[in-house]
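Taking it in order: structure first as structure tokens, then the write-up.
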Amino acid sequence: MTDPQKPIPAITPQLAPFLEGAKRQELIIQKCGECGTYRFPPRDLCSACLSNKSAWAKVSGKGIVFSFTIMHQVYHPGFAAEVPYAVVLVQLDEGPRITSNLVGVSPRNIRIGMPVTAVFEEVSDEVTLPKFAPT
Ligand code: ZN
């Protein structure tokens, strides 16, 4: 029996620049073309000024744990070997918050405000995902 696979994000036109950046080991975030506010997930309008102009910009990959939860239940068989694992909401230094996983630390040692840095995990030939590790 083969191991069940984790679901992998679809490469949609809206998410493609973010995923292409991750494949290059870079965190690329959408940025408003009018006021410069970073936004994630990508969307058509800026929530700060309602402009539909945008560009993509490389960000530092540094941030803090804004919130987190520890998954003890197996909601998908692809994650069975990893429970318990942490799902974190990281607030990037540039402002936006990204939901991801925190790696390289036991879930019981995660703290709100912990400084973290993006790391990249190749999950398929096409998709690399940003995750975060303690700085
Ligand atoms: Zn704006």
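Everything quoted here is computed from the prediction, not taken from an experiment. One-based numbering, in listed order, for ligands and for the atoms of each. Below, all heavy atoms of this structure are taken into account, side chains as well, without hydrogens, waters or symmetry copies.
- Ion pairing between a basic and an acidic side chain is recognised when a charged N comes within 4.0 Å of a carboxylate O; Arg39 and Glu94 show no such pairing.
- Residues satisfying the salt bridge (charged side-chain N to carboxylate O under 4.0 Å, His left out) criterion with Lys131, sequence neighbours excluded, are Glu121.
- Residues Val127 and Ser124 come closest through the heavy atom pair N-OG, 3.0 Å.
- Here the OG1 atom belonging to Thr128 is positioned 9.0 Å from the CZ atom belonging to Phe120, to the nearest 0.5 angstrom.
- Taking CZ from Arg97 and OG from Ser67, the interatomic distance works out to 9.5 Å, rounded to the nearest 0.5 Å.
- Using cut-offs of 30° and 60° on the angle between ring planes, the pair Phe18 and Phe40 is tilted.
- Distances under 2.8 Å from the Zn ion (ligand 1) pick out the protein N/O/S atoms Cys32 SG, Cys35 SG, Cys46 SG, Cys49 SG.
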